[in-house]
Amino acid sequence: MAFDGAFLHKVIDELKTATDCHVDKIYQPSRDELVFLLRKKGLQKRLLISTKSGAQRVHFTENKYENPQTPPMFCMLMRKYLSAARLVDIIQPELERVATFVFSSTNEMGDIVELRLVCELIGGKANIILVNSDGKIIDSLRHSDVESSSRMILPGATYTLPPKSPKLNPLTCGVSEILNSIPDGSLLSVIDGFSPLICREIENSPTPVKTLEIILDDLKNNTLPTLIYDKENRPFDYTYTMIAQYGSSFENRHFESFSALLDAFYTQKETALRINTAAKDIIKLLTNLKTRTEKKLTLRLAELEKCKNRETLRIYGELIKANLFQIEKGASYAEVPNYYSVNLEMVRIPLDISLSPQNNANKYFKEYKKTYTAEQTLKELTQKDKQELIYFDSVLDTIDRSKTLAEIAEIRAELAESGYIKQTSNPKKNNTQNISYKEYLSDEGYKILVGKNNKQNDYITTVLANKNDLWFHVKNIPGSHVVVMNSGKEVTEQTIIQAAQLAAANSKAYASSNVAVDYTPIKYVKKPSGAKPGMVIYTTNKTVYVTPKEGAK
């Protein structure tokens, strides 16, 4: 990520609008985060300081964080020293990833004292340190190891800044000085505050001098915060200047402020992480179940293949019975004419020498009957295995497209009701009030419903839809049910295309093009008795080919 010293420089310029604010409240939502509520006349801001690995940052935030019932000890310490303190200044030593918040506070004696909250946002060593007016550490979020650390970060120790890099400062150096100092084309090794992203942008440019001039100008002047999105509309990286190195596969989008950009970037990233964490056990379970079912299906299909020759067993039994008088007891085989064949060719039938001819015939009849029963059972089991594999794929696809923890909770409840995981509580049965689904309006004014999981698919298809409403689903691929509520009216091709695009976008084929989508009136869609959630069969369908509707996931 590009939260480098240069980006911090831009953020601090923005944070300085809160100078003269008083600290109203302090929270510590997690071990690695502090939130300050800052107020002054005409301004109220929520300041977030995060030292989370891979997400070290400081900025204003609009997000409301859930706080523990009992404040952690470090939070209590912050409240003791900084409650009602006034923010005087924010300092960054050159382009280091260190932001020092200078506060004016009143001590226990009523004297005005200066306190500094130092935020070191440096890789795995990120820390928040409270320092008094004498430069002594009051306390810190993380303490250093006395034996192995070169800097002492402990209460009572004298605070010193992290070792300064000997690199060039782009705020004070010119383009020629920077370019003349580059050994072997490695810009990252000579310039301070530039992330690998910015260095690559300059080095890979066909006009590196011009690109460096633009970036330095953007660094020193007001620019629009830029968030880079990949082709699947996911936030990829951010910076303070336009990025061209990724070509047309990525898109630069501007935000009104650096804080709004960081809120958008990390909210989506951390939400995705929380969803992955929440669904990790489900994904593991479904993957294991899918692997196990695939193995069972392979073995059962092999057994079923063997059953194809069962008619031969019956014929052998019949031929032995028809030739009992010719077969000697104790013979290892019988060679008899096959009267089931037009040409009556001779056939050699293996015999058990310990059995009489009659018992050999009975043995073949018994094996035939056993194989017939096995074939019927295997057909049922293989069909069940195939349906389970389709179901597992549909749930995994739903998890992949889930965007909230509530959606993961719905999937967990569905699996519990189906008996795949243990029920954690006593859910209210038949409670449809909590079933949510996506709702759109076509250009012609028709309401279009889209299920976000199998439970919702069942609800909109079997409960909400009328028999003449149109039902859509991608062909032979896991995805959402889509219903056009047309109230029995004729639906035009325009609405059909829009609904089909939604079905494609809310399926495993969301990143594909020319996706086949089947559609048919609801009256031709049936849910078999005992079928898995979201499983239906349909007939009398038509097929349309579309490209998924962008942004409809």
Cation-pi check, Arg57 onto Tyr266 ring (under 6.0 Å, within 45° of axis) |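 Here Arg57 passes the 6.0 Å and 45° test against Tyr266.
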
Geometric cation-pi criterion, Arg253 with Tyr229: 6.0 Å, 45° | yes

Salt bridge (Lys or Arg N to Asp or Glu O under 4.0 Å) partners for Arg300, two or more places apart |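 Testing Arg300 for salt bridge (Lys or Arg N to Asp or Glu O under 4.0 Å), a comparison that skips the adjacent residues, returns Asp385.
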
Set of residues satisfying salt bridge (Lys or Arg N to Asp or Glu O under 4.0 Å) with respect to Glu375, sequence neighbours excluded = Arg310

At what distance, to the nearest 0.5 angstrom, does [atom1] of [X] lie from [atom2] of [Y]?
X      : Y      : atom1 : atom2 : value
Thr226 : His254 : OG1   : NE2   : 4.5 Å
Asn252 : Thr239 : CG    : OG1   : 9.0 Å
Leu197 : Ile202 : CG    : CD1   : 10.0 Å
Leu502 : Ile497 : CG    : CD1   : 11.5 Å
Thr382 : Gln387 : OG1   : CD    : 10.5 Å
Lys508 : Asp397 : NZ    : CG    : 6.5 Å

Within a strict 4.5 Å, meaning less than it, do heavy atoms of the [X] and [Y] side chains meet?
X      : Y      : result
Leu48  : Leu262 : no
Ser480 : Asn457 : yes
Leu304 : Lys379 : yes
Val395 : Glu414 : yes
Thr492 : Thr495 : yes
Ile522 : Thr461 : yes

Which heavy atom in Asp4 sits nearest to a heavy atom in Phe194, and how many Å separate them?
->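 Heavy atoms of Asp4 and Phe194 come nearest at OD2-C, 3.8 Å.
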
Partner residues of Thr371 under the side-chain hydrogen bond (donor to acceptor under 3.5 Å, both in side chains) criterion, sequence neighbours left out =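 Counting only residues at least two positions away or on another chain, Thr371 forms no side-chain hydrogen bond (donor to acceptor under 3.5 Å, both in side chains).
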
Who are the side-chain hydrogen bond (donor to acceptor under 3.5 Å, both in side chains) partners of Lys467, not counting sequence neighbours?
-> none

Which atom pairs, donor and acceptor, lie under 3.5 Å between side-chain atoms of residues 529-540 and protein residues at least two apart or in another chain?
{"unit_1": "Lys532", "atom_1": "NZ", "unit_2": "Tyr420", "atom_2": "OH", "d": "2.6"}
{"unit_1": "Tyr538", "atom_1": "OH", "unit_2": "Asp518", "atom_2": "OD2", "d": "2.6"}

Between Phe250 and Tyr246, how do the two ring planes meet: parallel, tilted or perpendicular, split at 30° and 60°?
-> tilted

With under 30° as parallel and over 60° as perpendicular, where do the rings of Phe7 and Phe258 fit, or are they tilted in between?
-> perpendicular

Is the count of non-hydrogen atoms from other residues, nucleotides or ligands lying under 6.0 Å from [X] atom [atom1] greater than 12?
X      : atom1 : answer
Tyr545 : OH    : no
Glu345 : CD    : yes
Lys384 : NZ    : no
Ile353 : CD1   : no

When you look at Asp393 and Lys290, which way does the side chain to side chain contact (heavy atoms under 4.5 Å, CB included) test go after all the steps?
-> CA-CA 8 Å; Asp393 279 339; Lys290 184 179 175 182; 2.7 Å; yes

Main-chain N/O of [Y] paired to [X] side chain as donor or acceptor, under 3.5 Å:
X      : Y      : answer
Lys422 : Gly419 : no
Ser394 : Tyr391 : yes
Asp237 : Ile228 : no
Ser442 : Glu444 : yes

For a salt bridge (charged side-chain N to carboxylate O under 4.0 Å, His left out) with Lys455, tell me which candidate from Glu407, Glu410, Glu417 qualifies.
-> Glu417

Residues Asp281, Arg412: salt bridge by 4.0 Å N-O rule =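 Salt bridge present between Asp281 and Arg412.
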
Lys308/Glu305 salt bridge by N-O under 4.0 Å criterion = yes

Would you mind writing out the side-chain donor-acceptor pairs for residues 315-339 within the sub-3.5 Å range, not counting sequence neighbours?
{"unit_1": "Asn323", "atom_1": "ND2", "unit_2": "Leu319", "atom_2": "O", "d": "2.7"}
{"unit_1": "Asn338", "atom_1": "OD1", "unit_2": "Tyr340", "atom_2": "N", "d": "3.0"}
{"unit_1": "Tyr339", "atom_1": "OH", "unit_2": "Glu318", "atom_2": "O", "d": "3.3"}

Steps toward side chain to side chain donor-acceptor pair (under 3.5 Å) verdict (Ser354, Asp352) | CA-CA 5 Å; Ser354 65; Asp352 186 339; 2.7 Å; yes

